[in-house]
Structure formats: C-alpha cells, structure tokens
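The structure under discussion appears below in the form of structure tokens.
Quick note on labels: first sequence line is chain A, next is B, and so on, each numbered from 1.
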Protein chains: 2
Amino acid sequence: MGSVAPEALLPLDPETFAAESREVVDFLDGYYRNVERYPVRSDVEPGRLRALLPKAAPKNGEPMDAILEDVQRHIVPGLTHWQSPNFFAYYPGNASTAGFAGEMLSAGLNVVPFTWAASPAATELEGIVVDWMAKLVGLPERFLFSGGGGGVLHGSTCEAVVCTLAAARDRALSRLDGHEGILRLVVYASDQSHSTFQKGARIVGIPPSNFRVIPTSVASGYGLTGDGVRDAVEADIASGLVPLYLCATVGTTGLGAVDSVRDLGEVARCYRMWLHVDAAYGGSALICPEFKDCFDGIEFADSVSMNPHKWFLTNMDCCCLWVASPAALTSALSSNPEYLNNVTEKSATEVVDYKDWQMALSRPFRAMKLWVVLRRYGAVGMRAYIRRHVDMARWFEQQLEGDERFEVVVPRRFSLVTFRLRPRHKGDDAAEALSRKVLMAINSSGRAFMTHFIVDNKFVIRMAVGGAMTEMRHVRDAWELVQEKTREVGIPLGVTKKHAL
Amino acid sequence: MGSVAPEALLPLDPETFAAESREVVDFLDGYYRNVERYPVRSDVEPGRLRALLPKAAPKNGEPMDAILEDVQRHIVPGLTHWQSPNFFAYYPGNASTAGFAGEMLSAGLNVVPFTWAASPAATELEGIVVDWMAKLVGLPERFLFSGGGGGVLHGSTCEAVVCTLAAARDRALSRLDGHEGILRLVVYASDQSHSTFQKGARIVGIPPSNFRVIPTSVASGYGLTGDGVRDAVEADIASGLVPLYLCATVGTTGLGAVDSVRDLGEVARCYRMWLHVDAAYGGSALICPEFKDCFDGIEFADSVSMNPHKWFLTNMDCCCLWVASPAALTSALSSNPEYLNNVTEKSATEVVDYKDWQMALSRPFRAMKLWVVLRRYGAVGMRAYIRRHVDMARWFEQQLEGDERFEVVVPRRFSLVTFRLRPRHKGDDAAEALSRKVLMAINSSGRAFMTHFIVDNKFVIRMAVGGAMTEMRHVRDAWELVQEKTREVGIPLGVTKKHAL
C-alpha cells in the first residue's frame with residue numbers, strides 16, 4: 001500500500017478496514033508482550049516529539065505500516081506506560097481485552113445516541129448496564145430506573161460532578177428568590193476530596209469564597225465525619241449563606257480514605273444539601289461483599305459516581321453516575337432544539353434522551369464497552385480480579401509493617417498502600433527528604449512508577465496496586481526495589497523484621 | 001473458549017487479546033458489508049432491548065463469540081445506522097479505517113495524559129496535531145503554540161463552549177468588583193446558534209435571563225450580522241449589564257448558515273466581549289481554499305472550535321478547540337493537587353498540562369486518532385473527500401431546483417441541502433403538512449434517514465451529505481426516494497424541469 005491517491009479514498013472499504021485493523025491488533029499484541037520491558041515512567045526531555053515530527057500535516061496519505069513504525073519509534077518511547085504491570089502510580093487505568101473489544105464495537109458502529117431515536121439500542125443498553133452496575137455495587141432501588149432513579153455514563157467524575165452541582169444549584173435557586181441566590185450557595189468537601197469538586201463548583205458559578213474545605217485527621221483515617229461539616233454549615237447559615245452540596249468520598253485520591261457516608265448523609269438531609277458520593281476508585285471494590293460497609297448510609301445520597309475506567313477493566317473513558325431524581329438533573333441540563341425532534345407517525349412514548357443527563361449533546365456509545373466487560377468476565381470474575389489486587393496490596397503492606405525502616409501512613413482499605421521512611425527522632429525532617437529521594441530513585445530506575453501525597457506535612461509514597469497485568473511477582477519486585485533504593489540512600493536493612501514471611 | 005474461570009482471568013494476555021480482537025474486526029468487517037441493507041433509522045419499539053436482556057450482570061463470564069452473537073441479534077436491529085451510506089440526518093458522524101485505527105491505538109495503549117509527565121508523547125502529539133489542523137483550516141499564527149496561542153482536543157463542542165465561557169466569565173469578573181458581577185454578564189448568540197451556547201451559559205452560572213437570542217433573517221441567509229448584536233449590546237449596557245461573550249457560527253446546525261465573523265469580531269472587540277467561532281461542521285470544509293472566506297476576520301476571535309468527529313473521518317469523539325490566550329483558559333480551569341505533582345530530579349520546564357485546558361482531570365489519548373487520520377489520508381486526500389460530498393450535495397440541490405414541486409430554502413454553502421415542498425399559494429399551510437408527510441415516508445421506508453428544521457415557520461427537510469461510505473449512487477437513490485414519496489403524498493411529477501440533467 002503506497003500513498004493514497006485522493007480519488008481512491010474509500011474510508012470504510014471493508015477489505016482495507018479489516019486488513020489495516022489487523023495490523024493494529026498485531027501492533028498492540030506486540031506492545032503488550034513488551035510493555036514490561038519499557039521504563040514505566042517515560043524519561044524523555046520536553047519537546048522531543050515536536051523536534052521529530054514535521055511542522056504540518058503530510059500532503060499525501062501514507063500507508064498504515066509506516067504510521068505504526070512511527071508510533072513505535074517516536075511515540076512509544078515518550079509514553080508513561082499505564083498498562084505496564086509495574087505501574088503503581090496515581091490510580092490504575094485498566095485496559096482489558098473485553099474493554100478493548102467494547103471500545104472497538106463502539107468506535108466501529110460509531111453511532112451518536114444523544115436521543116433515544118438517534119440509536120434506540122444504544123440508549124437502552126446504557127440504561128440496562130448502569131442498572132447492572134448499580135446492583136453489583138449494592139446501590140438501593142432508588143438509584144435504579146425501576147425505582148424512579150437512574151444512571152448515565154459520563155467520560156469522567158469531573159463531568160458527573162459538574163452536572164450534579166448544576167442540578168443542585170438550580171434546585172436550590174428555585175427555592176430562593178432569583179438568580180442572586182447563587183452568591184449565597186455553599187459547597188462542602190474535605191481536605192481529602194478530589195480537586196474536581198472545587199474546580200466544578202467554580203465552573204458552575206459558585207463564588208470561590210463559598211467553597212469550604214473541612215479538615216480531616218488521622219483519628220478518622222482522614223475520612224470526613226459529620227461534626228466538622230455541621231459546625232461549618234451552622235456558621236454559614238448564621239452568616240446568611242445557604243448550604244448547597246456536600247461531597248463524600250469512598251476511597252480518596254491521596255490516601256484511599258473513606259468518609260462516613262451515613263454520618264454525612266444525615267447532615268446533608270438535615271440541612272437539605274445535595275449529597276454526592278464519589279466512589280471513583282473505591283466503587284470497584286464494592287462489588288465484593290466484604291467492602292459493602294463503605295456504602296452504609298448510601299440511601300441518603302442524591303447522586304453516586306464510580307469510574308469503571310480506573311480499576312474495572314474498562315478502557316478510557318467511562319464513569320457511572322447514578323441519581324435518585326433524574327428530573328433534578330434533566331431540569332438543569334435539557335434543551336430541545338428543533339433539529340433533534342423526532343418526526344414520526346408513532347405517538348410519543350416516555351424514553352430517556354441522554355443528552356439531557358450530561359453537558360454535551362454528542363456522546364459516544366460507552367455502554368457497549370462496560371456491557372462487554374460485564375458479559376465477558378462476569379460478576380464472579382470481576383470479584384476475583386479485585387480481590388487478587390487487594391491480596392497483593394495486603395502482602396506489600398505486611399512487608400512494610402515487618403521492616404522497622406518503614407511506616408504505613410494510613411491503614412490500607414482497598415489496594416492502595418501509603419508509606420514513608422520512619423523518622424528516627426520525633427520531627428525528623430530527614431525522613432521526608434529521604435522518602436522523596438527513595439521515590440525519585442524508584443521512578444528513575446524505570447522498573448516501577450509510584451507517586452506521592454502529602455498529609456500532615458508527611459511525604460507519603462503511594463503504591464497503588466491494580467494493573468490489569470500486575471501479578472504477585474511484580475509486587476514482589478516492587479518491594480525488592482523499594483528496599484534496594486532505601487539501602488542506596490544510606491539506610492541499611494532494619495534489624496527487627498516484625499512480620500517476616 | 002467457555003466461561004471464564006475466575007482464577008484464570010488474565011485481562012491483557014496478548015494471545016487472548018489478539019484472538020478476540022480479530023473476532024471483533026471480523027464482526028465489524030461484516031457490519032460494514034451489510035450496513036447498507038439495514039433500515040437506516042431503527043424502527044424498534046421503546047423497551048425492546050430491556051425485554052431481551054437479563055435484569056442483572058451474568059454471574060460467570062461468557063465467551064466473546066456469544067457476546068458478538070447477541071450484539072448482532074439484539075443490538076444491531078435497534079441501532080440507527082450512522083455509518084449507513086444512506087444516513088443524511090443531523091450532521092454526519094464519520095468513522096473511517098484510519099480513525100478506527102487511531103482509536104484502537106489510543107484505547108490499546110490506554111494512557112491518561114492529564115499532565116505532561118503522565119505521558120509526555122501523548123501531550124506533545126496533541127499539541128502537534130492541533131497545530132497541524134489549525135494550519136489546514138487556515139487559522140492565523142495567534143492560535144498556534146508558536147504564536148502564543150494553542151489548541152486542545154475535547155470530546156465535544158459543548159465542552160469547548162463551557163470552558164471558554166468559564167474563561168471569559170472569570171476574565172470579566174476580574175475586571176468587575178467581585179463575584180456579584182456574574183449577575184450582570186450577558187451572552188449573545190443568534191436564533192440559529194447551537195443550543196449548547198444557551199445550555200453552556202446556564203451551566204457556568206450566567207443568569208438565564210441574560211442570554212440574548214438575536215434574530216437572523218433570510219436576507220443574510222440566516223447568518224448573524226453585527227447590527228443586531230450592536231443594538232442588543234447597547235440596550236444591555238444602558239441597563240447596567242456587561243457584554244461578555246458572543247458566538248459566531250460557520251455552518252449552523254439547522255441550515256448550515258454562516259455568520260459574518262469579521263462583522264461580529266469587530267463588535268466583540270469594540271465591547272470587549274469574548275468571541276467564540278463555532279465551526280463544528282463547517283470547519284472541515286475550510287481545509288479547501290474555496291471555503292476560506294468563511295473565516296474572514298477570524299483573527300478577531302478569542303477561541304475557535306471544530307469537530308473532526310463530524311465530517312473529518314475521525315471516529316467519536318474529537319473536538320478541536322483553539323484559544324488565542326491559553327492563560328485565560330488555564331486561569332479558570334487549573335488545579336494543582338499534590339498527588340499530581342511530578343517529583344523528579346530535573347528542573348521544572350515549561351510544559352503543557354492539558355488537565356488545565358479542560359473540565360475533567362482524566363482524558364483519553366485523542367490526539368492519536370486525529371494524527372492517524374491526517375497521516376493516513378493527507379491534506380490532499382481529505383480535500384478530495386470533502387469536495388466529493390460538496391459535489392454530491394450540489395447535484396442534489398440542482399435536482400430540487402429543476403423540479404417545480406420543490407423549493408431550496410437556504411442556498412447550500414457546504415454539503416447540507418435544505419428543502420421543502422413549494423407552497424402553491426401564498427401562505428399555503430398544506431405545504432408544511434406535506435413536507436412533514438414526505439419526510440416521515442422517507443424515513444419509514446428505511447432506505448434513507450433525513451431530519452428536519454423549522455425556520456420562519458417553514459418546515460425544512462435537511463439532506464446532510466457527508467457519510468464516509470456515501471457515493472453518488474446513494475445520493476441518486478435518495479433523490480429517487482424523495483420523488484417517489486412526494487408522488488405518494490399526492491403530488492405528481494412537476495411539468496417544468498429547469499435543470500434536467
């Protein structure tokens with residue numbers, strides 16, 4: 001296949017489609033076989049790719065193999081490999097054979113289901129699959145379509161948060177006297193909540209000074225409790241402000257902390273606030289009965305979200321948002337331009353038009369992806385998958401606990417382990433500098449990638465287990481690597497090993 | 001491959017990956033071979049799929065072939081086939097071999113480039129490819145990274161609009177005295193602008209009563225001109241309001257109308273408003289020199305957007321947003337939580353962190369998709385592709401003009417033809433009813449799918465040419481179909497054929 005003659009451009013000729021798609025499958029097959037060998041975090045200099053690629057699009061088309069060669073030569077070395085089994089940074093971003101198959105189907109069919117009529121089965125599959133997920137994670141009936149609630153697939157938690165903030169805002173404004181009320185609305189989160197809440201509140205026009213960050217502490221494992229919120233709310237009400245929205249998190253980004261949903265739910269109900277439960281990461285674990293207590297009190301929530309694209313084998317991007325009152329969402333987000341009306345002989349029936357459940361009009365067929373994952377692996381398979389990671393993280397935590405050089409900062413809840421070098425004396429600043437040095441050495445080695453967090457002035461290394469290809473041997477290697485780099489910064493093996501295996 | 005034993009779940013085992021991905025490629029190959037034969041618009045009853053699928057996720061995993069069988073049996077009949085060569089509804093939503101290959105690479109590598117460090121090459125490729133596109137559509141240097149501006153890939157125009165509205169709002173608020181200023185900000189659009197502007201303005205907290213819809217008329221082909229805006233702005237200023245944001249469209253959704261960018265740019269500059277140019281559909285045509293005049297005055301814009309996922313062979317979803325001042329965007333949208341900071345030995349260098357150019361934190365590697373499209377087809381191939389559709393639409397328009405039963409409502413600019421049955425007498429209401437009836441008959445036939453619009457009380461049928469598989473024979477068939485259904489509603493062939501070919 002040489003360069004493409006313009007008159008010959010048949011972009012969906014089935015033969016070319018199949019041949020070139022197979023080339024890409026082979027490329028990715030090779031990538032997965034080799035990904036373990038690449039440095040996990042790319043170490044390229046800024047600007048490398050711009051220096052390598054031309055300044056303008058090519059005049060003439062080029063064959064697929066030439067393009068794939070460039071991907072291998074120019075792009076792969078500049079990637080941080082999220083699918084490496086040694087990727088323990090941030091939170092996992094799972095790919096899988098089933099997630100990929102679903103993405104291929106979605107991208108290949110390429111329907112745009114903004115309204116039911118624009119592709120009925122795509123809309124209905126979404127309703128079905130969010131109901132399936134709701135049952136799996138243990139949401140009460142009120143978040144199912146059959147219970148008067150319902151779900152939608154967004155691209156990110158941030159999108160879900162902005163939509164629920166807009167819904168809460170408009171619901172509150174309808175009770176207040178006019179749009180001026182927006183100046184009095186207050187949003188509450190903890191010092192551990194995801195930054196998207198503050199950003200989202202700002203996007204929907206809440207005054208930045210009306211965003212409250214409630215401190216958490218080690219006593220509650222950095223989970224938010226009701227008391228702190230109640231005090232802040234009372235103070236705001238006393239100043240004439242109106243409590244609007246409270247965010248609870250099941251598995252915070254920094255430390256994997258879990259807020260008390262019941263506690264916060266009671267406060268939210270008491271003050272008529274919208275309660276959103278962000279289970280972006282932790283939600284995946286909630287398919288296992290042993291974690292169900294994290295959703296205790298979930299019936300108080302107005303909305304709940306979790307990201308199958310993190311730890312649930314669903315390739316980017318996919319976020320489930322469930323709401324107890326779809327009307328609250330759609331009354332903030334619906335629009336009915338004439339060009340979308342369905343002219344048909346049939347009488348109008350009650351259908352879901354997902355354009356009114358999200359910000360954008362256009363939307364991909366994400367339901368296919370999550371549906372293929374659930375079909376291919378089943379509930380039993382997914383639970384085993386989650387538990388394998390939890391077990392591996394537990395093992396890693398035990399190694400740290402058995403080595404006096406290290407300290408586990410917050411007891412592990414799911415598959416995130418947070419640790420640092422143990423200070424030898426009270427207030428030892430050296431511990432922070434050494435922890436930082438160890439993390440840099442780990443990442444520079446290319447053999448693993450971890451990230452960090454800072455809490456109570458402690459520099460914390462985050463080991464987030466959850467890669468689709470991560471096996472026990474990779475976690476053992478990571479532990480070896482941590483020990484090796486700790487020795488290299490000048491701290492020899494500890495004498496006491498409390499939990500030697 | 002039977003049901004998946006949980007202990008055997010290896011979600012990215014390369015062998016399984018390759019085998020099952022090939023199954024999906026074969027499935028899609030078959031789909032493309034058959035798609036022409038399916039009714040374009042699905043005619044299923046609401047609730048069909050829910051009745052067919054189980055109420056909960058399966059307990060055990062199932063083999064891929066069983067899943068694909070269900071897709072064929074249960075889902076395909078419920079799809080409206082956006083890739084059918086006879087899909088002329090809404091605007092096109094192009095798939096292509098290259099777009100699909102790019103999506104596969106993006107989904108397969110599955111990196112999450114929220115910051116540069118989280119995958120340097122993904123961030124850099126995005127910067128490169130938006131610069132390539134900017135040059136292709138003829139944007140001035142100020143929208144390129146080299147000119148102090150820059151671009152980003154969003155999922156939709158709506159997202160781009162919300163981000164630019166937030167940027168404009170915060171820029172304006174910094175000039176006004178505090179957040180109360182939000183109550184005085186006004187957004188201007190035309191009665192032809194996409195509904196996303198009104199929805200977006202509401203999302204970012206602009207009072208709904210401060211959204212101005214400026215009427216357009218047949219005299220300007222329903223394009224917005226400066227005069228109407230100027231009058232509205234002056235009236236608002238006189239009432240103590242503050243003009244914030246003006247939207248210009250190159251290729252409106254209903255009629256494909258083109259606003260005068262220069263005219264609106266001058267008004268925007270005069271009143272210090274943010275000018276956004278929405279070229280979601282029309283932007284693709286601007287790679288051809290013969291359409292470049294549509295961007296006359298584009299140097300006045302603060303931001304410009306276009307959707308490669310419409311008519312540019314890039315599978316869902318992909319929207320280019322360019323801004324003249326990245327700082328205006330990032331100052332409204334940046335957040336810097338500790339867990340994203342890059343701990344490294346290297347000194348900090350100026351890099352782009354795309355999380356600050358969008359609402360969400362997480363994001364897919366969309367740049368890969370657009371880059372593969374541009375590499376595979378080249379500028380010459382893409383121009384030929386666009387022109388082929390424009391030629392087909394011109395032919396269709398000529399047939400209408402040559403048949404006295406029809407009226408072209410707005411002269412065609414790109415590849416959208418808008419028409420209706422010609423009223424026999426002044427104010428003939430029957431023409432509307434008949435046009436509506438003809439459209440319903442066309443769509444019920446399953447042989448083509450078109451949608452409608454209403455302007456000046458005229459019911460307009462929209463024939464949007466632009467499918468990746470659409471060839472001249474499909475457009476001829478559509479014209480046959482229109483004539484056939486027109487005869488069936490009782491209007492025989494016209495006597496005078498002005499442009500008979």
Side-chain angles (χ1 to χ4, degrees), chain A residues 6 9 11-12 14 17-18 21 24-25 28-29 32-33 46 49 57-58 60-61 67 75 78 80 82 93 95-97 101 103-104 107-108 110-112 119-121 124 132 156 158 179 195 199 205 207 315-316 335 337-338 349 351 360 362 364 374-375 377-378 380-381 384 453-454 468-469, chain B residues 4 6 9 11-12 14 17-18 21 24-25 28-29 32-33 46 49 57-58 60-61 67 75 78 80 82 93 95-97 101 103-104 107-108 110-112 119-121 124 132 156 158 179 195 199 205 207 315-316 335 337-339 349 351 360 362 364 374-375 377-378 381 384 454 468-469:
Chain A
L9 203 153
L12 275 182
F17 170 82
S21 297
V24 180
V25 168
L28 288 169
D29 175 359
Y32 292 137
R33 285 176 202 273
L49 195 62
N60 294 305
I67 298 169
I75 294 176
T80 291
W82 285 65
S96 73
T97 297
E103 183 63 55
M104 285 171 94
N110 211 45
V111 300
V112 189
S119 235
E124 295 194 11
W132 285 11
S156 63
C158 312
H179 201 80
S195 58
K199 181 167 170 175
N315 300 45
M316 278 291 290
S335 62
E338 186 59 39
T349 320
V351 292
S362 63
L374 289 171
R375 286 289 303 270
Y377 301 133
V380 170
F453 191 59
I454 291 177
M469 287 204 247
Chain B
V4 184
L9 205 152
L12 275 182
F17 171 82
S21 297
V24 181
V25 168
L28 289 169
D29 175 358
Y32 292 137
R33 285 177 200 272
L49 196 61
N60 295 304
I67 299 168
I75 294 176
T80 291
W82 286 65
S96 73
T97 296
E103 183 61 55
M104 286 171 93
N110 212 44
V111 300
V112 189
S119 234
E124 295 194 10
W132 284 11
S156 63
C158 312
H179 201 80
S195 58
K199 180 167 169 175
N315 300 44
M316 280 288 292
S335 61
E338 186 59 39
Y339 44 80
T349 322
V351 292
S362 63
L374 289 170
R375 285 289 302 271
Y377 301 132
I454 291 177
M469 288 205 246

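A:Met469 touches chain B through its side chain: at least one heavy atom from C-beta onward sits under 4.5 Å away, while N, CA, C and O do not.
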**Q.** side-chain contact (heavy atoms from CB on, under 4.5 Å) between A:Asn110 and B:Trp82, intermediate numbers included
**A.** CA-CA 7 Å; A:Asn110 211 45; B:Trp82 286 65; 5.9 Å; no
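Interface check for chain B: of the options A:Val25, A:Val111, A:Thr97, A:Asp29, the most heavy-atom pairs under 4.5 Å are formed by A:Thr97. Each of B:Pro337, B:Ser335, B:Pro120, B:Gly93 has some count of heavy-atom pairs under 4.5 Å with chain A, and the biggest count is that of B:Pro120. Most heavy-atom pairs under 4.5 Å with chain A, from the set B:Pro58, B:Ser156, B:Ala360: that is B:Pro58. Across B:Ile454, B:Leu374, B:Ile67, the residue that shares the most heavy-atom pairs under 4.5 angstrom with chain A is B:Ile67. The residue among B:Pro207, B:Ala18, B:Ala101 with the most heavy atom pairs within less than 4.5 Å of chain A is B:Pro207.
Closest heavy-atom contact between B:Leu28 and A:Phe17: CB-CE2, 3.7 Å. Across all non-hydrogen atoms, the minimal contact from B:Leu12 to A:Ala468 is CD1-CB, 4.1 Å. Nearest heavy-atom pair, A:Ser119 versus B:Thr80, reported as atom, atom and distance to 0.1 Å: OG-N, 2.9 Å. Nearest heavy atoms, A:Pro14 versus B:Tyr32: CG-CB, 4.1 Å. Scanning both residues, B:Ala107 and A:Glu103, for their nearest heavy atoms gives CB-CG, 3.6 Å.
Atom CD in B:Glu124 sits 10.5 Å away from atom CD1 in A:Ile75 (nearest 0.5 Å). Taken to the nearest 0.5 Å, the CE atom of A:Met316 stands 4.0 Å off from the OG atom of B:Ser362.
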